[in-house]
Visitor: 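First the structure, which I've put down as structure tokens, then a few questions once you've had a look.
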Amino acid sequence: MDISQYKPKGKINNKHLLTLRDYSSSEIFEILHRAALLKNLNRKGKKQKHLKGKTVALIFAKSSTRTRVSFEQGVRQLGGTPMFLSSADIQLGRGETIHDTVKVLQRYGIDAIMIRTFKQSDLDELALYGSIPIINGLTDDFHPCQVLADLMTVYEHYGRLEGLKLAYFGDGNNMANSLMLGCAKVGMKVCICSPKGFTPSEDIAAEAKKFGECTVTADINEAAKDADVIYTDVFFSMGQDADKKKKAALMPYQVNESVMALAAKDAVFMHCLPAHRGEEVTADVIDSPRSVIFEQAENRLHAQKAVMSLLIR
Ligand code: CP
Ligand code: NVA
């Protein structure tokens with residue numbers, strides 16, 4: 001289904017946002033519509049009260065600028081109370097179990113948990129033992145909130161999603177996994193361009209292929225050809241040590257002017273940030289008028305507010 005034909009229903013059936021694996025095209029469209037609505041209300045200075053009286057715990061086991069600030073602001077803008085919990089400061093960081101943590105948080109009236117951590121299985125455990133919505137703020141495997149903001153940004157820029165091609169260059173990481181699922185489900189063509197040894201999960205690629213056009217290649221020309229969006233991410237994700245061999249393998253996949261020149265004439269450049277200029281992308285690309293990185297960063301706020309307003313009831 002194309003997003004332009006989708007009629008918003010004002011609800012989704014999902015209880016959590018663990019990965020876009022669990023989301024249908026319609027559920028993603030519902031979030032994108034709600035996000036646009038909330039963004040518009042924000043621009044007009046209209047009050048939103050979807051989370052009035054609700055408290056959302058924000059647990060971080062890894063660093064963050066965008067996710068932390070956009071969730072804190074998002075909860076406040078929806079009339080709720082955010083509670084930032086660094087896992088280094090709570091007993092979770094000293095080995096207390098996920099099971100005990102979620103049970104205890106619920107006893108204090110926490111209404112939902114957003115968590116950024118390492119293992120995806122920790123989120124599955126939270127969802128299993130708790131009865132409140134769990135939202136993935138990034139794991140080693142997925143970053144669904146980022147991809148929802150990215151799809152919102154592409155939709156705003158082009159006025160459509162169906163048929164557009166996104167080419168991702170670099171490490172086959174959490175972003176590559178989530179982009180494959182998200183793009184395929186909304187009718188975009190997605191191509192991941194990574195060197196041998198750094199390709200994304202074959203399972204996720206196979207799953208994305210069930211929904212739409214998804215290719216994995218080491219060929220830069222093939223990936224960039226006719227791409228409407230050129231996307232990249234850091235060589236080393238949080239929790240990974242910088243390693244010379246990996247850097248040498250990924251450097252040829254740097255997004256620079258020559259890569260942009262292979263893409264469609266008006267292609268935009270995207271990056272989830274933080275970026276390392278001179279590594280995965282050159283300054284002349286990321287700081288050019290074709291770059292929509294700050295629209296993406298802003299849309300984290302609106303997309304996540306949409307997710308929270310639909311999940312936390
Ligand atoms: N893109 C993103 O998730 O940024 P942070 O690591 O700053 O949250
Ligand atoms: N792949 C990066 C994304 C940061 C938003 C990481 O996991 O560190």
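Indexing begins at 1, ligand by ligand and atom by atom, following the structure's order. Heavy atoms only: backbone and side chains are in, while hydrogens, waters and symmetry mates are out. Values in this document were obtained by computation on a predicted structure and should not be read as measured data.
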Visitor: Is M238 in polar range of ligand 2, meaning some N or O pair under 3.5 Å apart?
Guide: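 Yes, since at least one N or O of M238 sits under 3.5 Å from an N or O of ligand 2.
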
Visitor: Do K185 and F211 meet the cation-pi criteria used here (NZ or CZ under 6.0 Å from the six-membered ring centre, within 45° of the axis)?
Guide: yes

Visitor: N/O to N/O below 3.5 Å, does that happen between R116 and ligand 2?
Guide: no

Visitor: Run the salt-bridge test on E72 and R68 with the 4.0 Å N-O cut-off and return the result as yes or no.
Guide: yes

Visitor: Below 4.0 angstrom, N of the basic side chain to O of the carboxylate: do K246 and D171 qualify?
Guide: yes

Visitor: Any N or O of R68 that comes nearer than 3.5 Å to an N or O of ligand 1?
Guide: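 Between R68 and ligand 1, no N or O pair is found under 3.5 Å apart.
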
Visitor: If you measure only the distance, is there a donor-acceptor pair under 3.5 Å linking the side chains of Q304 and S70?
Guide: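 There is such a pair (donor and acceptor under 3.5 Å, judged by atom type) between the side chains of Q304 and S70.
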
Visitor: Who's the nearest protein heavy-atom neighbour of atom 6 (O) of ligand 1, and how far?
Guide: R116 NH1, 2.8 Å

Visitor: Tell me: protein heavy atom nearest atom 4 (O) of ligand 1, and distance?
Guide: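 Ranking protein heavy atoms by distance from atom 4 (O) of ligand 1, first comes R66 NE, 2.8 Å.
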
Visitor: Indicate yes or no: does an N/O atom of L273 lie under 3.5 Å from an N/O atom of ligand 1?
Guide: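 Yes, L273 has an N/O under 3.5 Å of an N/O on ligand 1.
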
Visitor: Considering only the protein, which heavy-atom contact is closest to atom 3 (C) of ligand 2, and what is its distance?
Guide: D233 OD2, 3.6 Å

Visitor: What are the atoms of ligand 1, with element, lying closer than 4.0 Å to any heavy atom of T65?
Guide: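 Ligand 1 atoms under the 4.0 Å threshold to T65: 5 (P), 7 (O), 8 (O).
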
Visitor: Under 3.5 Å, side-chain donor or acceptor atoms of residues 261-268 against the rest of the protein: list the pairs with distances, not counting sequence neighbours.
Guide:
none

Visitor: Taking the six-membered ring for Trp and the full ring for Phe, Tyr or His, determine whether the centres of F169 and Y231 are under 6.0 Å apart.
Guide: no

Visitor: Polar contacts were defined as any N/O atom of the residue lying under 3.5 Å from an N/O atom of the ligand; does this apply to C272 and ligand 1?
Guide: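 Yes, there is a polar N/O contact under 3.5 Å.
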
Visitor: Starting from atom 7 (O) of ligand 2, find the nearest protein heavy-atom neighbour and note its residue, name and distance.
Guide: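 Checking every protein heavy atom, the shortest distance to atom 7 (O) of ligand 2 gives N174 ND2, 2.8 Å.
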
Visitor: Would you call R43 and E298 a salt bridge, taking side-chain N to carboxylate O under 4.0 Å as the test?
Guide: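 E298 and R43: salt-bridged.
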
Visitor: With a 4.5 Å limit on heavy-atom distance, are the side chains of T117 and K62 in contact?
Guide: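 Contact flag for T117/K62 side chains = no.
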
Visitor: Hey, does E213 have a side-chain heavy atom less than 4.5 Å from the side chain of V190?
Guide: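 V190 does not reach E213 side chain to side chain.
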
Visitor: Of all the non-hydrogen atoms in the protein, which one sits nearest to atom 4 (C) of ligand 2, and at what distance?
Guide: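 Ranking protein heavy atoms by distance from atom 4 (C) of ligand 2, first comes L138 CD1, 3.8 Å.
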
Visitor: Can you tell me which residue and heavy atom of the protein come closest to atom 2 (C) of ligand 1, and the distance to 0.1 Å?
Guide: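 The answer is R300 NH1, 3.3 Å.
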
Visitor: Where does D140 meet ligand 2, judged by heavy-atom distances below 4.0 Å: at the side chain, the backbone, both, or neither?
Guide: neither

Visitor: Among D171, T67, L273, which residue places a heavy atom closest to atom 5 (C) of ligand 2?
Guide: L273

Visitor: To which of Q146, H143, M175, Q296 does the heavy atom nearest atom 3 (O) of ligand 1 belong?
Guide: H143

Visitor: Please identify each residue that fulfils salt bridge (charged side-chain N to carboxylate O under 4.0 Å, His left out) with E207, with sequence neighbours left out.
Guide: R21

